[in-house]
Protein chains: 2
Amino acid sequence: MHQVLEQHIRAKLGTDTAGLEEVISYFQPLELKRNDYLLREGELCRSCYFIVNGVIQVFTIDAVGNETTRDFILEEHWLMEINSFLQQIPSKEFFRAAEPSQVLHISREHFMDLSARFPQFEKMYRQILELSYANSVYRINSFVSMDALERLRWMMDHQPKLFTRLSSKMIASYLGISPETYTRLKGKL
Amino acid sequence: MHQVLEQHIRAKLGTDTAGLEEVISYFQPLELKRNDYLLREGELCRSCYFIVNGVIQVFTIDAVGNETTRDFILEEHWLMEINSFLQQIPSKEFFRAAEPSQVLHISREHFMDLSARFPQFEKMYRQILELSYANSVYRINSFVSMDALERLRWMMDHQPKLFTRLSSKMIASYLGISPETYTRLKGKL
DNA sequence: GATGGCTCTTGATAAATGTCAAGATTTTAC
DNA sequence: GTAAAATCTTGACATTTATCAAGAGCCATC
């Protein structure tokens, strides 16, 4: 697993990777079965996660029990509940494996320490933030203005891989529609 | 104007503000009348903006001419079209003053230069990203799951100031609903 | 201070989406 | 391998929201 992370970081940062071995040594592996949780609502997000293999569903549950998916995090991407991680307040989100997954995680303490000691690590963190923020902006602009069919088409254009790996129920919860509506929209494509 | 920025940065960064004067010297003032644009779709976002006074509406226009507002940026907050700014690709968003506004802006070149030379400036940039990302996560989780009335209540709980400063039309475009629906929802509160 | 253009509201109607229920299909657990 | 559980689909109906149209109120400009 650590090799995948090393490759990923080298690809992001280029040649200046002094201290890379030490950085990587703080990441610990986790093996998740399908439906295992990385984080539940109300818990503190104590780690930053790097997905080596699999998919993690990031979702919330509202007052009547409906699940809404904010994002699916695929392999070679990063994951944290940023408010909980930074401020150590209870998480509002759940992180759950949608497939058997391999994950590396680094504790908040080590993460902060590395950020302070290695400018390149902080730079990588900044890049992760930039990418995450840009994706969020994209999603807001799409979803606030589009109707359900347009959102489905948007997802097919921008995230086609997700359809091959996730259940219809999960895709519906990402689109913000009921499973029945999703079934009907598929007929209109 | 520069005093406001200086105060803001000191509040963010604490005592370690070496180079602050030089940093601030790169920011140039802009006076905007209502409905003046800072950025239009298709242009390159060449600056990072700090709002000293006023409100900037961040919005997109879809194929049939409907405006959808992603965010309203109030005084003492930061603003950029992150994809356009970082990659120098055409902006998908418009930035327009919803009130007469005072803005400071720094060019991308100076911004990058300061980021490289002053770790504290980079730290502040990271904090802006963290906050912007956290707000976006909040908005996605709220809007994908809620119906229009719930979104209105959410806005009243989380952004009450906006109601006193913006037209109904703008609030409707932030909620992702038509002005008529907004009028009707107000009656249901 | 008149005029023209916005915005806001209200009504009627249409379209989109949700909910509930039932059956078919697939997956999971033992 | 089989039973139980979950998912997916389809239909009927209810609710939400959009669209179109018209009139009232407000505001900017000359």
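Letters A, B, ... are given to chains in the order of the sequence lines, protein chains preceding strands, and every chain is numbered from 1. Keep in mind that the numbers below use all heavy atoms, side chains included, and drop hydrogens, waters and symmetry copies.
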Atom-pair distance ([atom1] on [X]; [atom2] on [N]), nearest Å:
X         : N       : atom1 : atom2 : value
Arg151(A) : dA16(C) : CZ    : C1'   : 11 Å
Leu175(B) : dA18(D) : CG    : P     : 10 Å
Phe143(A) : dT17(C) : CZ    : P     : 12 Å
Ile177(A) : dT19(C) : CD1   : P     : 12 Å
Leu185(A) : dG18(C) : CG    : P     : 9 Å
Met146(A) : dT17(C) : CE    : P     : 13 Å

Near-ring test [Y]/[X], centroid separation under 6.0 angstrom:
X         : Y         : answer
Trp78(A)  : Tyr125(A) : no
Tyr174(B) : Phe72(B)  : yes
Phe121(A) : Phe111(A) : yes

* NA contact type, Gly187(A), heavy-atom cut-off 4.0 Å: base, sugar-phosphate, or nothing? -> nothing
* Note: Glu6(A)-Arg10(A) ion pair, threshold 4.0 Å (strictly below) -> yes
* Salt-bridged, Glu122(B) to Arg126(B), with N to O below 4.0 Å? -> no
Output yes when a side-chain donor or acceptor of [X] lies under 3.5 Å from a complementary backbone atom of [Y], and no otherwise.
X         : Y         : result
Gln120(B) : Asp16(B)  : yes
Glu130(B) : Leu129(A) : no
Arg151(B) : Ser142(B) : no

* Glu67(A)-Ser173(A) side chain donor-acceptor pair, cut-off 3.5 Å -> no
Polar pairs (N or O, both sides) under 3.5 Å between protein and nucleotides 24-30 of chain C?
from: dT28(C); atom 1: OP1; to: Arg34(A); atom 2: NE; distance (Å): 3.4
from: dT28(C); atom 1: OP1; to: Arg34(A); atom 2: NH2; distance (Å): 2.4

* Asked: Using the ring of each side chain (for Trp, its six-membered ring), is Phe95(A) parallel, tilted or perpendicular to Tyr49(A), with breaks at 30° and 60°?
  -> perpendicular
Taking N or O atoms only and anything under 3.5 Å, show me the protein contacts with nucleotides 8-10 of chain D, one pair per line.
from: dC8(D); atom 1: OP1; to: Ser168(A); atom 2: N; distance (Å): 2.9
from: dC8(D); atom 1: OP2; to: Lys169(A); atom 2: N; distance (Å): 2.8
from: dT9(D); atom 1: OP2; to: Thr183(A); atom 2: OG1; distance (Å): 2.9
from: dT9(D); atom 1: OP2; to: Lys186(A); atom 2: NZ; distance (Å): 2.9

* Structure fact -> In short, the helix from dG1(C)-dC30(D) to dC30(C)-dG1(D) is bent end to end, axes from five pairs each side, to 10°, by 70°
